[in-house]
Amino acid sequence: EMNTGVAGRREPNRRRRAKSVAPRFQGLKSFDMSFAWTEIGDEGMNNLCTSLKDKVKDITSFVLDVGESVVTDDGLEVLATQLLPQMQSLETLELFINDIDIKDNIIKKIANALNQISSIKDICLELCGIKFTGEGLEAIGKLGLANKPALESLRIFIANTPLVNNEITNFIHTIPYVVQNLKT
């Protein structure tokens with residue numbers, strides 16, 4: 001099945017392809033995919049999350065890079081509200097959402113999803129170049145990092161954001177119990 005794409009070129013119907021590979025995701029333990037510098041948008045993220053939904057309860061490692069793509073709040077909301085909360089066996093989470101146009105409300109939803117997963121050992125969040133504030137960063141500290149008895153490694157990158165010193169200091173003060181138990 002073909003769609004007319006950019007500049008009138010014919011391209012495969014990606015929605016159909018995403019649905020056709022969905023059964024292959026059954027029993028998935030590790031997922032590592034990069035869409036950095038691509039044209040994946042909200043529809044692509046929605047298709048990906050729909051394909052993975054109900055197939056990720058046993059996943060232990062999830063790495064997703066959508067940095068400098070065209071994904072917006074809508075695409076990441078599906079990830080935060082529908083897919084991440086299902087990953088109850090998750091041990092490693094790496095999210096790279098650099099240089100895309102998202103706001104605090106999505107960072108808070110990601111933090112809320114992390115709050116529901118107590119098995120995480122390693123967290124890496126790259127949030128460079130996005131327009132969130134201290135409220136989003138504080139949500140990561142108070143929600144996302146709360147109830148993490150297994151957490152051993154924490155990496156958070158916030159370069160080139162509008163955060164100011166007191167917002168960063170407030171974040172650091174919300175996580176002392178996490179930092180004292182970290183190995184890295």
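Only a predicted model underlies this, so the values are computations on that prediction, with no experimental measurement involved.
How far CD of Glu91 is from OG of Ser61: 9.0 Å, rounded to the nearest 0.5 Å. Atom CD1 of Ile123 is separated from atom CD1 of Ile156 by 7.5 Å, given to the nearest 0.5 angstrom. The CG atom of Leu143 lies 6.0 Å from the CG atom of Asn112; values are rounded to the nearest 0.5 Å. The distance from the SG atom of Cys49 to the CG atom of Leu79 is 5.0 Å, given to the nearest 0.5 Å. Ile175 CD1 to Asn170 CG: the interatomic distance, rounded to the nearest 0.5 Å, is 12.0 Å. Interatomic distance, Asp122 CG to Leu151 CG, rounded to the nearest 0.5 Å: 7.5 Å.
Residues Met87 and Lys57 are not in side-chain contact: their nearest non-hydrogen atoms beyond the backbone lie 4.5 Å or more apart. Counting heavy atoms from C-beta outward, Ile97 and Ile107 have side chains that approach closer than 4.5 Å. Residues Leu125 and Phe157 fail the side-chain proximity criterion, which asks for heavy atoms closer than 4.5 Å. Using a 4.5 Å heavy-atom cutoff, the side chains of Phe132 and Ile106 are not in contact. Between Phe171 and Ile140 there is a side-chain heavy-atom pair separated by less than 4.5 Å. Under the 4.5 Å side-chain criterion, counting only non-hydrogen atoms from C-beta, Gln88 is in contact with Ile117. Contact annotation: the side chain of Gln116 approaches that of Pro85 to within less than 4.5 Å [non-hydrogen atoms, C-beta and beyond]. For the pair Ile102/Lys131, no side-chain contact is recorded, criterion being any heavy-atom separation below 4.5 Å from C-beta on.
Applying the side chain to side chain donor-acceptor pair (under 3.5 Å) rule to Asn115 yields no partners; only residues at least two apart in sequence or on another chain are considered. In this view, Ser69 and Thr38, Ile40, Val66, Val71, Ile100 satisfy the side chain to side chain contact (heavy atoms under 4.5 Å, CB included) rule, not counting sequence neighbours. Legend: residues meeting side chain to side chain donor-acceptor pair (under 3.5 Å) with Glu39, ordered by chain and number and at least two apart, are absent.
Remark: side-chain polar atoms of Asp42 are paired, donor with acceptor, to backbone N or O of Gly75 under 3.5 angstrom. Asp101 places no side-chain N or O within donor-acceptor distance of the main-chain N or O of Ile130, the cut-off being under 3.5 Å. Of the possible polar contacts, one joining the Asp104 side chain to the Gly136 backbone as a donor-acceptor pair under 3.5 Å is found. Side chain of Lys53 to main chain of Ser51: no donor-acceptor pair is present (N/O by atom type, distance under 3.5 Å, no hydrogens or angles). Distance alone, capped at 3.5 Å, places no donor-acceptor pair between the Asp99 side chain and the Glu68 backbone. Between the side chain of Glu126 and the backbone N or O of Asn98, no donor-acceptor pair lies under 3.5 Å. The backbone N or O of Leu83 sits nowhere less than 3.5 Å from a side-chain atom of Gln86 that would complete a donor-acceptor pair.
Electrostatic pairing of Arg155 and Glu94 counts as a salt bridge here, judged by a charged N lying under 4.0 Å from a carboxylate O.
Shown here is Lys103, whose NZ atom has more than 12 heavy atoms of other residues, nucleotides or ligands within 6.0 Å. For Asn165, the CG atom counts as loosely surrounded, since its 6.0 Å shell holds 12 or fewer non-hydrogen atoms of other residues, nucleotides or ligands.
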| request: For the pair Phe35 and Asp65, evaluate side-chain contact (heavy atoms from CB on, under 4.5 Å) and give the outcome as yes or no after the intermediate values. | output: CA-CA 6 Å; Phe35 294 108; Asp65 185 348; over 6 Å; no
| Worked check of side-chain contact (heavy atoms from CB on, under 4.5 Å) between Leu114 and Leu145 | CA-CA 7 Å; Leu114 290 177; Leu145 301 180; 5.7 Å; no
| request: Show the numbers, then the answer: is there a side-chain contact (heavy atoms from CB on, under 4.5 Å) between Phe96 and Ser34? | output: CA-CA 9 Å; Phe96 303 92; Ser34 176; over 6 Å; no
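Shown here for Ala139 and Lys108, the closest heavy-atom pair between the two residues is CB-CG, 3.7 Å. Across Leu137 and Ile168, no two heavy atoms sit closer than the pair CD2-CA, 4.2 Å. Among all heavy-atom pairs drawn from Ser89 and Ser119, the shortest one is C-OG, 3.5 Å. What you find for Cys128 and Ile158 is that their closest heavy atoms are SG-N, 4.1 Å. Scanning both residues, Leu28 and Ser30, for their nearest heavy atoms gives CD1-O, 3.4 Å. For Thr174 against Gly141, the heavy-atom pair with the smallest separation is OG1-CA, 3.6 Å.
The cluster map of Ile, Leu, Val, Met, Phe, Trp and Tyr, joined by side-chain heavy atoms under 4.5 Å apart, puts Trp37 and Leu95 in different clusters.
Remark: of the listed residues Leu84, Val63, Ile59, Ile110, Leu84 is the sole one forming a side chain to side chain contact (heavy atoms under 4.5 Å, CB included) with Leu93.
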